[in-house]
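Encoded as C-alpha cells, the structure appears first; notes follow it.
First the proteins, then the strands, lettered A, B, ... as listed; each starts at 1. FYI, side chains are in, hydrogens and waters are out, and symmetry mates aren't considered; it's all heavy atoms of this structure.
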2 protein chains.
Amino acid sequence: MTSSPSALLGALDPTSDRAVFRQIADHLREAIDKGRFTEGAKLPSEAELVEHYGVSRMTVRNAISILQGEGLVHAEHGKGVYVRPRPPVRRLASDRFARRHREQGKSAFTVEAEAAGSRPEVDQLEVREERPSQDIAARLGGARKVLVRRRRYLLDGRPVEFATSYLPLDLARNTPIAQPNPGPGGIYARLEELGHRLERFEEEVRARMPAPAEVKTLRLAAGVPVIHLIRTAYDTEGRAVEICDTVMAADAYVLAYQLPAT
Amino acid sequence: MTSSPSALLGALDPTSDRAVFRQIADHLREAIDKGRFTEGAKLPSEAELVEHYGVSRMTVRNAISILQGEGLVHAEHGKGVYVRPRPPVRRLASDRFARRHREQGKSAFTVEAEAAGSRPEVDQLEVREERPSQDIAARLGGARKVLVRRRRYLLDGRPVEFATSYLPLDLARNTPIAQPNPGPGGIYARLEELGHRLERFEEEVRARMPAPAEVKTLRLAAGVPVIHLIRTAYDTEGRAVEICDTVMAADAYVLAYQLPAT
DNA sequence: CACGGCTACTCGTATAGACGAGTGGGGGAG
DNA sequence: CTCCCCCACTCGTCTATACGAGTAGCCGTG
C-alpha cells in the first residue's frame with residue numbers, strides 16, 4: 001500500500017490561521033460532499049492521513065472526530081472509518097392517527113412498516129402504574145396516578161423509536177389498555193370504546209442530542225440527534241386522555257404535517 | 001486554590017472496563033444532572049480535574065469533549081467550562097399561518113417575538129432569481145426559474161433561524177413579492193391578493209447536525225442540532241405556490257402542531 | 001487615583017510515543 | 001485441501017510535554 005490519498009485530498013495551507021485539524025476535517029468533508037468518497041466508502045486510514053499531511057496521529061484523530069460529531073462518518077474498530085450511509089427514512093404522516101386507520105386492526109407502526117417493505121418489531125414492552133412527573137401530571141389535568149406503557153420500535157432489527165404512554169389511572173385501570181397487548185387498533189381504539197371519543201391531538205416537537213441511555217436504547221451513532229415528540233390526545237369533552245412521549249432516531253424519520261390555511 | 005472537586009465528584013473505578021475518560025464524563029454528567037453544577041456554573045478547570053483524578057490532561061479534555069458533544073457544557077477560551085443554560089425556547093404554534101394573523105400587518109415572527117418580550121430582527125435579506133434545484137423544482141410542479149427570498153431571523157441579537165423561500169417566477173415576478181419588503185402580512189398576504197387563495201400547508205420536519213456554514217450563520221454551540229423544516233403552500237387549485245426551507249437552532253424552538261382525530 | 005503592563009490562570013493546538021483490542025487475510029500445520 | 005494460528009493493519013485509550021492565546025486581577029508607575 002504505497003499510494004497516498006494525495007489524489008483525493010489537497011495540501012495544508014500553512015499561512016491559514018485555521019487550525020490544522022480543522023483544515024484536514026474541511027478537506028475530508030469536501031471530498032465527501034463532492035462524492036470523491038461515496039456512501040459506505042472507507043476513508044484513508046489514520047496512518048495514511050498522518051503520512052499525507054505530515055502531522056501527528058492525534059491531529060488526524062481530532063479531525064476525524066469533528067466529522068463524527070457532524071454525523072458524516074463513523075469509525076469501526078479494527079476496520080476503518082466509513083462515510084455514513086443515509087439510512088432510509090420513515091415518514092410519519094400527520095393523518096397517521098385518523099380514525100379510519102384504526103379500524104383495520106393492526107397498529108399504525110406495523111401497517112406502515114409492512115407497506116414500506118420493512119420488518120417491524122416491538123420490544124421492551126412494559127406496562128405499569130406510576131406516580132407521574134410534575135410535567136405529565138399537569139398535562140393530564142392533575143392526575144395523581146397514571147398507567148404507563150413503554151415500548152421500543154424496531155425496523156429490520158434496527159431500533160428507531162422509544163415511546164412512553166401515560167394515561168390517567170382512573171380511566172385505564174382494569175381495561176384492555178392495562179394489558180400488554182391492548183388489542184386491534186391499539187389504545188386509541190380502546191379509549192373510544194370506553195366512551196372517550198378522540199377529538200384532536202397536540203404534538204410538540206423538539207430536537208436535541210441524546211442522553212447516554214438513549215444512545216444505548218436506540219443504538220445511535222455519533223452525531224445523530226433525537227427528535228423528541230410529546231403528543232397529547234384530547235377527547236370530545238376536552239379532557240387529555242393520553243400523553244405519548246416519543247424519542248426517535250432523527251436519521252430515521254421525517255415528520256410530515258398538514259396545516260389548514262384557515 | 002487548594003480545594004479539590006472531590007466533594008462533588010467521585011473516584012474512578014479501576015476495575016471497570018469503561019474507559020477512564022468516559023467514567024470522568026459520567027461523573028461530570030451526573031453532577032450536572034443532580035444539580036451539583038447548576039446552569040451557568042463553572043466546572044472544575046482541566047488542571048483541577050487532572051489533579052483530582054490523577055490522569056493526563058488529554059484524558060480530561062477527552063471527557064469534556066463528550067459533554068460538549070452532548071450539548072451539556074460549553075468551553076470559553078481563557079475562562080473555563082460552563083454548564084450550558086437552556087435558552088428560552090420559542091414555540092411555533094401550528095396556527096401561525098392562519099389568515100386572521102395575516103390581517104394585522106406585521107409579520108408572524110415580529111408579532112410573536114414582541115408578545116414574548118423579545119426584540120426581533122431580520123437580517124441578511126436577499127431577493128434574487130435563480131434556477132431551482134431538482135428537489136425544489138419538483139415540489140413546485142416543475143418550475144424552471146424561481147424567485148428566491150433568503151433572510152435570517154434573530155431574537156435579542158441571537159440568530160435563531162435561517163429561511164429561504166422559493167416561488168415560481170411566473171407568479172412572483174414584478175409583484176411586491178419581488179421587493180425586499182413585500183408589505184404588511186408578508187408574501188402570503190400578497191399571494192392571496194394576486195388571486196392565489198391559500199388552502200393548506202404541508203410541513204416536513206427533520207433534525208440533524210448542522211453543516212459548518214450553518215454553525216456560522218446561526219452561531220450554534222457545539223452539540224446543538226438543527227431542525228430542518230420544509231413548508232409547501234398550496235392554493236385552492238392545488239398548486240404549490242411557495243416553498244419555505246427553514247433551518248432553525250434546535251435549542252431555540254419547540255414546534256407545536258394540532259392534528260384532528262378525523 | 002487612573003492607567004497600563006505583568007502574571008497567573010484558563011482552554012486550544014500539536015507532537016511523540018506506548019500499549020490494547022478488533023479484524024481479516026496469508027501461510028503453515030495437519 | 002482444510003483448518004487454525006499468527007501477523008499486519010485498523011482504531012481506541014492514555015501519558016507526557018510544549019507552546020499559543022484569551023481573560024482577569026494585581027500592582028506599580030505616572
Side-chain angles (χ1 to χ4, degrees), chain A residues 1-5 12-28 37 40-69 72-84 215 221-223, chain B residues 1-5 12-28 37 40-69 72-84 215 221-223:
Chain A
M1 189 54 55
T2 57
S3 90
S4 89
L12 296 177
D13 174 4
T15 72
S16 166
D17 55 356
R18 191 160 174 78
V20 172
F21 72 91
R22 290 187 203 284
Q23 289 188 51
I24 296 176
D26 292 344
H27 286 181
L28 291 168
F37 297 109
K42 185 173 169 302
L43 294 188
S45 74
E46 293 176 358
E48 286 171 318
L49 292 172
V50 162
E51 163 119 16
H52 175 71
Y53 287 110
V55 298
S56 79
R57 183 166 165 232
M58 285 310 294
T59 302
V60 163
R61 282 182 64 77
N62 219 335
I64 290 175
S65 85
I66 290 184
L67 301 181
Q68 289 194 63
L72 278 181
V73 304
H74 67 111
E76 294 183 27
H77 193 172
K79 298 177 72 179
V81 178
Y82 297 86
V83 179
R84 271 253 307 279
V215 170
Chain B
M1 190 54 53
T2 56
S3 89
S4 90
L12 295 177
D13 174 5
T15 71
S16 166
D17 55 356
R18 189 159 176 79
V20 172
F21 72 92
R22 292 187 202 283
Q23 289 188 51
I24 296 176
D26 292 344
H27 286 181
L28 291 168
F37 298 110
K42 185 171 168 303
L43 258 45
S45 74
E46 293 175 357
E48 286 172 318
L49 292 171
V50 162
E51 164 122 13
H52 175 71
Y53 288 110
V55 299
S56 81
R57 185 167 163 230
M58 285 310 295
T59 303
V60 164
R61 281 183 63 78
N62 219 336
I64 290 175
S65 85
I66 290 184
L67 302 182
Q68 290 194 62
L72 278 181
V73 304
H74 67 111
E76 294 183 28
H77 191 170
K79 297 177 70 178
V81 178
Y82 297 86
V83 179
R84 271 253 307 282
V215 171

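- Taking every side-chain heavy atom of S56(B) into account, dT15(D) is the closest of dA14(C), dT15(D), dT10(C).
- Among dT10(D), dT23(C), dC11(C), the nucleotide with an atom closest to any side-chain atom of R57(B) is dC11(C).
- Separation of atoms CD1 (I24(B)) and CG (N62(B)) is listed at 9.0 Å; rounding is to 0.5 Å.
- If you measure from atom CG of N62(A) to atom P of dC14(D), you get 16 Å, rounded to the nearest angstrom.
- Comparing dT10(C), dA16(D), dG12(D) by their nearest atom to the side chain of S45(B) picks out dT10(C).
- Side-chain to base pairing of R22(A) with dG12(C): no donor and acceptor N or O lie closer than 3.5 Å to each other.
- Protein atom CG of L49(B) is 16 Å distant from nucleotide atom C1' of dC14(D), rounded to whole Å.
- Rounded to whole Å, atom P of dC14(D) lies 13 Å from atom OH of Y53(B).
- Remark: C1' of dG20(D) and CZ of F21(A) are 14 Å apart, rounded to the nearest angstrom.
- D17(B) CG to R22(B) CZ: the interatomic distance, rounded to the nearest 0.5 Å, is 11.0 Å.
- Between the CD atom of E46(A) and the C1' atom of dC19(C) there is a distance of 15 Å, given to the nearest Å.
- Taking only side-chain atoms of K79(A), from C-beta outward, the nucleotide of dG24(C), dA16(D), dC11(C) with the closest atom is dG24(C).
- Atom CG of L43(A) is separated from atom C1' of dC11(D) by 13 Å (rounded to the nearest Å).
- Closest contact between the side chain of T59(B) and the listed nucleotides dA24(D), dT10(C), dT15(D) involves dT15(D).
- What separates CG of D17(B) from P of dC14(D) is a distance of 11 Å, to the nearest Å.
- In this structure, R84(A) CZ and L67(A) CG are separated by 11.5 Å, a value rounded to the nearest 0.5 Å.
- The side chain of R61(A) places an N or O atom within less than 4.0 Å of a non-bridging phosphate oxygen (OP1 or OP2) of dG12(D).
- dT13(C) atom P lies 13 Å from atom CE of M58(A), rounded to whole Å.
- Using a 4.0 Å heavy-atom criterion, one finds that R18(B) contacts no nucleic acid atom at all.
- The side chain of H77(B) lies closest to dA21(D) when the candidates are dA21(D), dA14(C), dT15(D).
- With values rounded to the nearest 0.5 angstrom, D26(B) atom CG is found 11.0 Å from D13(B) atom CG.
- Atom CD1 of I66(B) sits about 10.0 Å away from atom CG of L28(B), to the nearest 0.5 Å.
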